[in-house]
Amino acid sequence: PLPPVDLPADIVRRYNGTAMALVGWEVDQVRRTSEGVEKSVPMSASYNHHWDSWLIGAEARVRKVSLSGPDDPAAADLACRRSGCGAE
């Protein structure tokens, strides 16, 4: 995985303590040529439907959750939170 990337400081200051709506999200898939130049390639160039990205607030924390298997009582709750099917 890629390391986390901080939002630009001016955006963090502007929205500190408030909500920020994201109304667009763009990605660019690139490859590096033998000359070391990055070139955009069509998103269809690779089968990559398992990527995702997380954006969390300043007070939020990411924690690793280990499940004992699909019947673990926490599995349904975790799946619901990950898919955004509701908040507590």
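Sequential numbering from 1 along the given sequence is applied to the chain's residues.
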Discussion item. Taking V23 as the starting point, is it possible to reach I11 by hopping between hydrophobic residues whose side chains are less than 4.5 Å apart?
Written reply: no
Worksheet item: In chain order, what residues pass the side-chain hydrogen bond (donor to acceptor under 3.5 Å, both in side chains) check against S34, with sequence neighbours excluded?
Response: none
Item to complete: Report yes if some heavy atom in the side chain of T33 is under 4.5 Å from a heavy atom in the side chain of K39; otherwise report no.
Response: yes
Worksheet item: Under the side-chain contact (heavy atoms from CB on, under 4.5 Å) test, which residues partner D6, sequence neighbours left out?
Response: none
Practice prompt. Grab the two heavy atoms, one from G69 and one from A75, that are nearest each other, plus how far apart they are.
Written response: O-CB, 4.3 Å
Discussion item. T18: which residues meet the side-chain hydrogen bond (donor to acceptor under 3.5 Å, both in side chains) condition with it, sequence neighbours left out?
Written reply: none
Item to complete: Would you please name every residue forming a side-chain hydrogen bond (donor to acceptor under 3.5 Å, both in side chains) with S40, sequence neighbours left out?
Response: D28
Worksheet item: Does E38 have any salt bridge (charged side-chain N to carboxylate O under 4.0 Å, His left out) partners at least two apart in sequence or in another chain, and if so, which?
Response: R32
Worksheet item: Is there a chain of hydrophobic side chains (I, L, V, M, F, W, Y, each step under 4.5 Å between heavy atoms) that links L7 to Y15?
Response: yes
Worksheet item: Sub-3.5 Å donor-acceptor pair from the side chain of D72 to the main-chain atoms of S68, do we have one?
Response: yes
Worksheet item: Looking at residues at least two apart in the chain, or sitting in another chain, which of them share a side-chain contact (heavy atoms from CB on, under 4.5 Å) with A76?
Response: none
